[in-house]
> 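Mind looking over this structure? Questions follow.
All of these numbers come straight from a predicted model, not from anything done at the bench.
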Amino acid sequence: MEKKQIRKKRQSNFELLRIIAMFFIVIHHSLVHGILTSSYSTILAKSNPLSVSLFNSFAFLGKVGVYLFVLITGYFMINSNISLKKVIKLWFPVFFWSVSLTLICGTILKQISIVNIIKSCLPIFFNQYWFITVYVIMYLFIPFMNKFLTQLDIKQELFFVMLALIIIFPGEHFYGTVLLAWFDKFCIAYCFGALIRKHDLLTQHRFISLGKCLLLLGFSVDILFSFVFSYLAFKFDKISFIKYSESSDQGLAIFCFFAALGLFIWIGSKTLNYNHVINTIASTTFGIYLIHDNTHVESLLWLKTLHMNNLLLQPAYIIFYVLLVCVLIFSICSLMEYIRKRLFGHFENRLCNWANKYFTNLINLLSTKMADCKK
């Protein structure tokens, strides 16, 4: 029994990556839903290039965090299978926080309606959380992606990697938003994580060195472009430069991915003994996202309560205050999710086991009927 329990314990280096990824996402949301919600004309008139550059550089972290989560999924799911139990464990906290926060925040903001309640009950279908919607769709495709990846030889894998980078690199500027919806990017990031696990690349020194180079390259380009375009915007009083600076995480998506891939390789290659605190906090990261990025929480949290939109007018060192606020939001949301797991964890597990049992029986019954029909 003890050996089985040890095997189930997640590796703390990857759990630390989950924490870092979610903290990056919280920082990103504090900026795009708070500080950077001012109009472009207001930014040029009242802010300064250094502040705007710093805020845009930190906003870049959000996409890095998203890629990190998908890379981790690919790394661990390449040797695993999806099941109804896993899908329900994914769905239950989404449903819980979507409905709870819609009712609570909707009442506070006086924006509650039958339509909002219906949407909150079906958050994935109505895209209440874009990340969850895309992630679940990708998750359902995992068996097919695993089948595809396990049958590739080394030449085909190299061709796939080059093709994937060519798809990500030009961004929406060449292909448009349809082909490069986040589903495509999620699938590509999943495949990269899976291939790293398939060839055990995190134990190879040259690959780890490559990861460090990608990490440095990704963040360096982000900082450079943020500062250059912010400077040009204020120098020539051109709103277009500000727009491009703020959207650089889309136009330079490949460097977001490089930064995420480099960080994944660097920390993933580290040997970190099991740490209960790290793993406990990491287990709440999914809930942290569901709480702080809820549609009804966004404006209530960042604008009406914290008034983050006023910080753009402050000196550049205000970024330290922003980071402190993000640590606080992260901690509170983590505690809320921890309490939910303690209260409903047993019920959630029983529901998953029950549903998985009857779904398996149903599939077996249908398979038997189909086999009989063929005879």
Side-chain angles (χ1 to χ4, degrees), residues 14-37 54-74 90 93-94 97-98 101 123-124 127-136 138-139 182-183 185-186 189-190 193 215 218-219 222 226 246-250 252-253 255-264 267-268 278 281-303 306 308 319 322-338:
F14 289 101
E15 296 305 283
L16 179 61
L17 265 177
R18 294 181 201 272
I19 294 172
I20 293 171
M22 185 48 61
F23 187 62
F24 281 179
I25 291 171
V26 174
I27 293 173
H28 172 79
H29 289 152
S30 74
L31 295 164
V32 300
H33 298 318
I35 295 175
L36 297 175
T37 54
L54 282 173
F55 293 143
N56 285 333
S57 296
F58 276 90
F60 172 90
L61 296 175
K63 300 301 184 290
V64 175
V66 167
Y67 279 130
L68 277 173
F69 272 111
V70 184
L71 284 165
I72 293 169
T73 302
L90 189 66
V94 179
W97 287 118
S98 178
L101 294 172
I124 296 173
N127 197 26
Q128 296 297 287
Y129 298 96
W130 76 265
F131 173 83
I132 302 301
T133 299
V134 180
Y135 186 87
V136 168
M138 181 209 71
Y139 193 85
W182 272 102
F183 174 71
K185 296 177 182 178
F186 272 39
Y190 175 92
L215 177 62
F219 281 110
D222 159 52
S226 294
E246 287 192 356
S247 62
S248 62
D249 61 335
Q250 297 174 4
L252 300 173
F255 295 102
C256 293
F257 182 67
F258 282 167
L261 186 59
L263 192 58
F264 175 82
I267 295 182
I278 289 177
I281 296 173
S283 70
T284 66
T285 51
F286 190 52
I288 294 171
Y289 169 75
L290 296 172
I291 296 168
H292 89 276
D293 200 42
N294 179 274
T295 306
H296 300 281
V297 172
E298 279 179 13
S299 60
L300 182 63
L301 175 63
W302 302 118
L303 300 179
L306 296 173
M308 299 292 279
I319 193 67
V322 174
L323 294 176
L324 183 63
V325 168
C326 289
V327 169
L328 185 62
I329 298 300
F330 184 99
S331 302
I332 293 172
C333 293
S334 178
L335 179 61
M336 291 171 65
E337 172 64 4
Y338 178 77

> Looking at Leu290 and Ile132, what are the two nearest heavy atoms and their distance?
CD2-CG1, 4.0 Å
> Just to verify, what does Phe14 make a ring-ring contact (aromatic ring centres under 6.0 Å, His included) with, not counting sequence neighbours?
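For Phe14 the ring-ring contact (aromatic ring centres under 6.0 Å, His included) partners, ignoring immediate neighbours, are Tyr75, Phe76, Phe264.
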> Evaluate the criterion side chain to side chain contact (heavy atoms under 4.5 Å, CB included) for residue pair Leu306 and Ile329; output intermediate values, then yes/no.
CA-CA 11 Å; Leu306 296 173; Ile329 298 300; 4.2 Å; yes
> Should Lys185 and Phe257 be marked as a side chain to side chain contact (heavy atoms under 4.5 Å, CB included) after you check the CA-CA gap, both sets of side-chain angles, and the distance that decides it?
CA-CA 9 Å; Lys185 296 177 182 178; Phe257 182 67; over 6 Å; no
> Would you indicate whether the side-chain heavy atoms of His296 and Leu101 approach each other to under 4.5 Å?
no
> Between atom CZ of Phe186 and atom CG of Leu71, what is the distance when rounded to the nearest 0.5 Å?
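If we round to the nearest 0.5 Å, Phe186:CZ and Leu71:CG are 10.5 Å apart.
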> Please name all residues satisfying side chain to side chain donor-acceptor pair (under 3.5 Å) with Tyr129, sequence neighbours left out, ordered by chain then number.
Asn294
> Would you call Ile291 and Ile332 a side-chain contact if the rule is heavy atoms closer than 4.5 Å?
no
> Would you indicate whether the side-chain heavy atoms of Val66 and Trp130 approach each other to under 4.5 Å?
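SC-SC contact between Trp130 and Val66 confirmed.
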> Over all heavy atoms of both residues, which pair between Gly268 and Leu17 is shortest? Give the atoms and the distance, please.
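Heavy-atom minimum between the residues: N-CD1, 4.3 Å.
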> Quick one: side chain to side chain contact (heavy atoms under 4.5 Å, CB included) partners of Thr73, sequence neighbours excluded?
Met77, Tyr135, Met138, Ile142, Tyr190
> If every non-hydrogen atom of Val322 is compared with every non-hydrogen atom of Phe55, which pair is closest and at what distance?
CG2-CE2, 4.5 Å
> I need the Leu303 CG to Met308 CE distance, nearest 0.5 Å.
9.5 Å
> Can you sort out the partners of Phe24 under ring-ring contact (aromatic ring centres under 6.0 Å, His included), two or more places apart, ordered by chain and number?
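Applying ring-ring contact (aromatic ring centres under 6.0 Å, His included) to Phe24 gives none.
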> Could you give me the CA-CA distance, side-chain angles and deciding distance for Phe131 and Ile25, then say whether side chain to side chain contact (heavy atoms under 4.5 Å, CB included) is met?
CA-CA 11 Å; Phe131 173 83; Ile25 291 171; 5.9 Å; no
> Could you tell me which non-hydrogen atom of Glu337 sits nearest to which non-hydrogen atom of Pro93, and how far apart they are?
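Minimum heavy-atom separation between Glu337 and Pro93: OE2-CB, 4.5 Å.
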> Would you call the rings of Phe23 and Phe330 parallel, tilted or perpendicular, taking 30° and 60° as the class edges?
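Perpendicular, since the angle between the ring planes exceeds 60°.
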> Taking all heavy atoms of Met22 and all of Ile288, pick out the closest pair and write down the distance.
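Shortest heavy-atom contact: CG-CG2, 3.7 Å.
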> Given Leu263 and Tyr67, is the side chain to side chain contact (heavy atoms under 4.5 Å, CB included) satisfied, shown in steps?
CA-CA 10 Å; Leu263 192 58; Tyr67 279 130; over 6 Å; no
> For Gly218 versus Phe60, what's the shortest heavy-atom pair and its separation?
O-CZ, 3.7 Å
> Output the distance between atom CD1 (Ile281) and atom CD1 (Ile19), rounded to the nearest 0.5 Å.
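So the gap between those two atoms works out to 5.0 Å.
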> Rounded to the nearest 0.5 Å, what separation is found between the CD1 atom of Ile319 and the SG atom of Cys326?
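Interatomic distance, Ile319 CD1 to Cys326 SG, rounded to 0.5 Å: 8.0 Å.
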> Any side-chain to backbone donor/acceptor pair from Ser30 onto Ile27? Under 3.5 Å, distance only.
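Pair found, side chain donor or acceptor close to backbone of Ile27.
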> Which pairs pass side-chain hydrogen bond (donor to acceptor under 3.5 Å, both in side chains) with one or both residues in residues 14-25, sequence neighbours excluded?
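Sorted pair list: Glu15-Arg18.
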> For Tyr139, I'd like to know if atom OH has over 12 heavy atoms of other residues, nucleotides or ligands within 6.0 Å.
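Result for OH/Tyr139: enclosed.
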> Would you say that Val136 contacts Val94 through its side chain, given a criterion of any heavy-atom pair below 4.5 Å between the two side chains?
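No, every pair of side-chain atoms sits at 4.5 Å or beyond.
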> Kindly write out the residues that satisfy ring-ring contact (aromatic ring centres under 6.0 Å, His included) with His29, not counting sequence neighbours, or none if the list is empty.
His33, His292
> Does some side-chain heavy atom of Phe255 sit less than 4.5 Å from a side-chain heavy atom of Val64?
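The answer is no; the side chains never approach within 4.5 Å.
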